[in-house]
K.L.:
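Provided herewith is a single structure, encoded as structure tokens, for subsequent inquiry.
Count residues from 1 along the sequence.
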Amino acid sequence: MVEEAIRMDGNAAGRTRIAMVMDTIRQRIAGRSLTPGAKLPSVRALAATLKVSISTVVDAYERLVAEGAILSRPGSGFYVANQAAPFALADVGPKLDRAVDPFWVSRQSLEAGEVDLKPGCGWLPPSWLPEESVRRALRTLSRADGSTLTDYGSPLGLPPLRQLIARRMAERGVEASPDQIMLTESGTQAIDLLCRFLLEPGDTVLVDDPCYFNFHALLRAHRAKIVSVPYTPSGPDIEAFARTVAEHRPRLYITNSAIHNPTGATLSPVLAHRVLKLADQFDLTIIEDDIFADLEHMTAPRLAAFDGLDRVIHIASFSKTLSASARCGFIAARPQWIDGLTDLKIATSFGGGRMTGELVLNVLGDGGYRKHLEVVRHRLSVARREVSAKLKNLGVTPWLEPQAGMFLWCQLPDGIDAADVARAALERRIVMAPGNAFSLSQSATSFMRFNVSQTLDPRVFDVLRDVLVGRC
């Protein structure tokens, strides 16, 4: 055995096998499937499972002991060290190419410089946002009393802003009293709080395929099991939806109804009713993310409107149309859930963001905000037509022509891998969003999401042309 270990350690293949065993154990520890103090599989059992030699596992275990990741107890076996490695989201779930994992697009977009182009990001350019309205609100806020500028806000959030949100929701058919609304720091925090409130590790959550990639990341952070159903131009594939909820009995379903991310599709009333019927049949709670509501020309069906906030929890934020720097979102849900969520918010972030709430209230109450939205919606309509036409000239085909919003979900020419295109574009300082970042099943290899507001620069199409021609 010792001789075999020496032979294997003396060649690249042996080192690769040892590293593979070590990585397997590290991933299990990072993902908490092996917790501090847990006993590792025996050397023989792991060797049989991984189809490597016993000496390879012995060598891997000894190296992990030297690292301090595991402990050896003579006569008993190997155990996870009590000091666990920090939880690493990148080590949870399947190992994906860095160009397609749920963090790649976000990191590249958020870290991009002013000269970089971001057709793959999920927000409007700064010049499309109401900067002057925000400045006016800041000037008003600077004259507020001292407690507004320095004190904690109430856990539920600023009452006048919650009242205004309730009125805005009613315009879309969703009835909620201000007491059924809790302000959050963002739409992301809203989902995070709801996952903390409703899920236990190992619970199953249903998502669309494709869907917003940060849903995947958040759910993995909460150790949820994620399953998906294909999304169609009118909503989830309802037959697949029915099979999946019957088989997996998910605790939650997270979706966008109005302007779906990344496809731009809109849920039809017929499918909305069928989804709610299945939710009632299988005790399924739905989180409806309505973050793009203000970009609609006409009000689309809302699950929360049909359901009356019974099984549906409605969330949104103002980062897409007002400011991503003024972090403010909200949760609308049944009253008894808001009470529990309020306690959870106190436990995790204490009071509300009073100053941000006042800022958002000032901007929303400004008569110019509705005019600003009308301008943005018109600009997006023009941009969707222009970008769609230019992409078609390159052989890039929109999956559908959305009626609203900033996204085009597009299929690349045959044989083109979107991740390869994204890598090549990044070398030219252009951040793109390859399809598999949005797909749990990894079935969107040839798709890419384009943000039309960020795709108007001619350099985007020059680079796409060069990259696509080079790979056709």
Side-chain angles (χ1 to χ4, degrees), residues 105-106 108-109 112 114-129 210 212-213 231 233 256 258-266 291-292 294-298 300 320-321 324 372-414 416-426 428-438 444 446-472:
V105 179
S106 294
Q108 299 298 339
S109 298
E114 291 186 4
V115 299
D116 298 326
L117 302 178
K118 301 185 286 289
C121 80
W123 52 86
L124 297 173
S127 61
W128 288 45
L129 296 174
Y212 173 42
F213 44 72
Y231 208 76
N256 314 112
I259 300 174
H260 185 261
N261 185 4
T263 66
T266 299
I291 195 170
F292 300 108
D294 281 345
L295 300 180
E296 285 183 298
H297 293 280
M298 297 180 62
K320 304 304 181 186
T321 54
H372 155 71
L373 291 179
E374 291 175 3
V375 171
V376 168
R377 288 192 286 262
H378 175 71
R379 293 182 73 177
L380 283 173
S381 294
V382 173
R384 283 195 306 274
R385 291 193 296 270
E386 179 181 331
V387 172
S388 178
K390 290 182 176 180
L391 289 173
K392 289 175 183 176
N393 288 337
L394 296 174
V396 179
T397 309
W399 183 67
L400 60 79
E401 298 286 353
Q403 299 304 304
M406 65 181 78
F407 299 131
L408 290 177
W409 180 241
C410 298
Q411 186 160 21
L412 302 178
D414 289 345
I416 302 294
D417 187 324
D420 291 338
V421 175
R423 290 190 206 94
L426 190 60
R428 307 267 292 269
R429 305 192 72 170
I430 295 179
V431 180
M432 294 192 172
N436 273 349
F438 305 85
S446 64
F447 281 84
M448 186 165 278
R449 187 192 73 180
F450 291 92
N451 177 344
V452 297
S453 69
Q454 303 270 8
T455 313
L456 296 170
D457 192 301
R459 289 174 291 171
V460 175
F461 300 98
D462 291 341
V463 169
L464 270 175
R465 185 178 296 105
D466 292 346
V467 171
L468 293 176
V469 168
R471 283 166 170 75
C472 287

K.L.:
As a quick check of understanding, evaluate side-chain contact (heavy atoms from CB on, under 4.5 Å) for Val382 and Val452, giving each step before the final call.
P.N.:
CA-CA 9 Å; Val382 173; Val452 297; over 6 Å; no

K.L.:
Side-chain contact test, heavy atoms from C-beta onward, threshold under 4.5 Å: evaluate it for Leu408 versus Pro402 and give yes or no.
P.N.:
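They are in side-chain contact.
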
K.L.:
Students often mix this up, so state it plainly: with edges at 30° and 60°, are the rings of Trp409 and Phe447 parallel, tilted or perpendicular?
P.N.:
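Aromatic pair Trp409/Phe447 classed parallel.
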
K.L.:
What is the distance from atom CG of Asn261 to atom CG of Asn256, rounded to the nearest 0.5 Å?
P.N.:
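Taking CG in Asn261 and CG in Asn256, the distance rounds to 6.0 Å.
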
K.L.:
Please report the closest heavy-atom contact between Pro119 and Met432, naming both atoms and the distance.
P.N.:
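Here Pro119 and Met432 meet closest at CG-CG, 4.0 Å.
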
K.L.:
Check whether more than 12 heavy atoms from other residues, nucleotides or ligands sit under 6.0 Å from atom CD of Gln403, and answer yes or no.
P.N.:
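No, not enclosed.
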
K.L.:
Side chains of Trp128 and Leu380: does their closest heavy-atom pair fall under 4.5 Å?
P.N.:
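A side-chain contact exists here, since the closest heavy-atom pair is under 4.5 Å.
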
K.L.:
State the CZ-CH2 distance between Phe407 and Trp399, to the nearest 0.5 angstrom.
P.N.:
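It comes to 14.5 Å.
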
K.L.:
To the nearest 0.5 Å, what is the distance between CG on Leu117 and OG1 on Thr455?
P.N.:
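Output value for this atom pair is 9.0 Å.
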
K.L.:
Considering only heavy atoms from C-beta outward, does the side chain of Leu456 approach that of Glu386 to under 4.5 Å?
P.N.:
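Contact flag for Leu456/Glu386 side chains = yes.
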
K.L.:
Between SG of Cys121 and CG of Asp116, what distance do you get to the nearest 0.5 Å?
P.N.:
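Taking SG in Cys121 and CG in Asp116, the distance rounds to 11.5 Å.
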
K.L.:
Quick one, Arg465 with Asp462, criterion salt bridge (Lys or Arg N to Asp or Glu O under 4.0 Å). Give me CA distance, side-chain angles, the key distance, then yes/no.
P.N.:
CA-CA 5 Å; Arg465 185 178 296 105; Asp462 291 341; 3.3 Å; yes

K.L.:
Identify which one of Pro262, Ser388, Cys410, Pro398 satisfies the side chain to side chain contact (heavy atoms under 4.5 Å, CB included) criterion when paired with Phe450.
P.N.:
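So, applying the side chain to side chain contact (heavy atoms under 4.5 Å, CB included) to Phe450 and each of Pro262, Ser388, Cys410, Pro398, only Cys410 qualifies.
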
K.L.:
In Å, rounded to the nearest 0.5 Å, how long is the span from CD1 of Ile430 to CD of Gln454?
P.N.:
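It comes to 12.0 Å.
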
K.L.:
Less than 4.5 Å apart, side chain to side chain, heavy atoms only: is that true for Ser381 and Arg377?
P.N.:
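Heavy-atom side-chain distance check fails, nothing below 4.5 Å.
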
K.L.:
Do Asp420 and Val467 come close enough that some side-chain heavy atom pair is under 4.5 Å?
P.N.:
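Answer no - side chains too far apart.
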
K.L.:
Over all heavy atoms of both residues, which pair between Ala258 and Glu296 is shortest? Give the atoms and the distance, please.
P.N.:
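Shortest heavy-atom contact: CB-OE2, 3.5 Å.
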
K.L.:
Can you tell me how far apart OG1 (Thr263) and CZ (Arg449) are? Round to the nearest 0.5 Å.
P.N.:
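Here the interatomic distance stands at 11.0 Å.
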
K.L.:
Shortest non-hydrogen contact from Thr321 to Leu295?
P.N.:
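Smallest interatomic distance, heavy atoms only, reads CG2-CD2, 3.6 Å.
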
K.L.:
State whether a side-chain donor-acceptor pair under 3.5 Å links Gln411 with Thr397.
P.N.:
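Per modelled atom types, Gln411 and Thr397 side chains form no pair under 3.5 Å.
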
K.L.:
I want to check something: taking the side chain as every heavy atom from C-beta on, are Ile259 and Thr266 in contact at a cut-off of under 4.5 Å?
P.N.:
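A side-chain contact is absent here, since even the closest heavy-atom pair is not under 4.5 Å.
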
K.L.:
Would you call the rings of Tyr231 and His260 parallel, tilted or perpendicular, taking 30° and 60° as the class edges?
P.N.:
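Parallel.
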
K.L.:
Other residues, nucleotides and ligands only: do more than 12 of their heavy atoms fall within 6.0 Å of NE2 on His378?
P.N.:
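No, not enclosed.
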
K.L.:
To check you understand the geometry: which heavy-atom pair defines the closest contact between Asn451 and Trp123, and what is its length?
P.N.:
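Of all heavy-atom pairs spanning Asn451 and Trp123, the closest is ND2-O, 2.8 Å.
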
K.L.:
Looking at Ser453 and Leu124, what are the two nearest heavy atoms and their distance?
P.N.:
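For Ser453 and Leu124, the tightest heavy-atom pair comes out as OG-CD2, 3.6 Å.
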
K.L.:
Just do the salt bridge (Lys or Arg N to Asp or Glu O under 4.0 Å) check on Asp466 and Arg428 with the steps written out, would you?
P.N.:
CA-CA 11 Å; Asp466 292 346; Arg428 307 267 292 269; 3.1 Å; yes

K.L.:
If I compare all heavy atoms of Ala444 with all of Asn436, which pair ends up nearest, and what's the gap?
P.N.:
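Closest approach of Ala444 to Asn436: N-OD1, 2.8 Å.
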
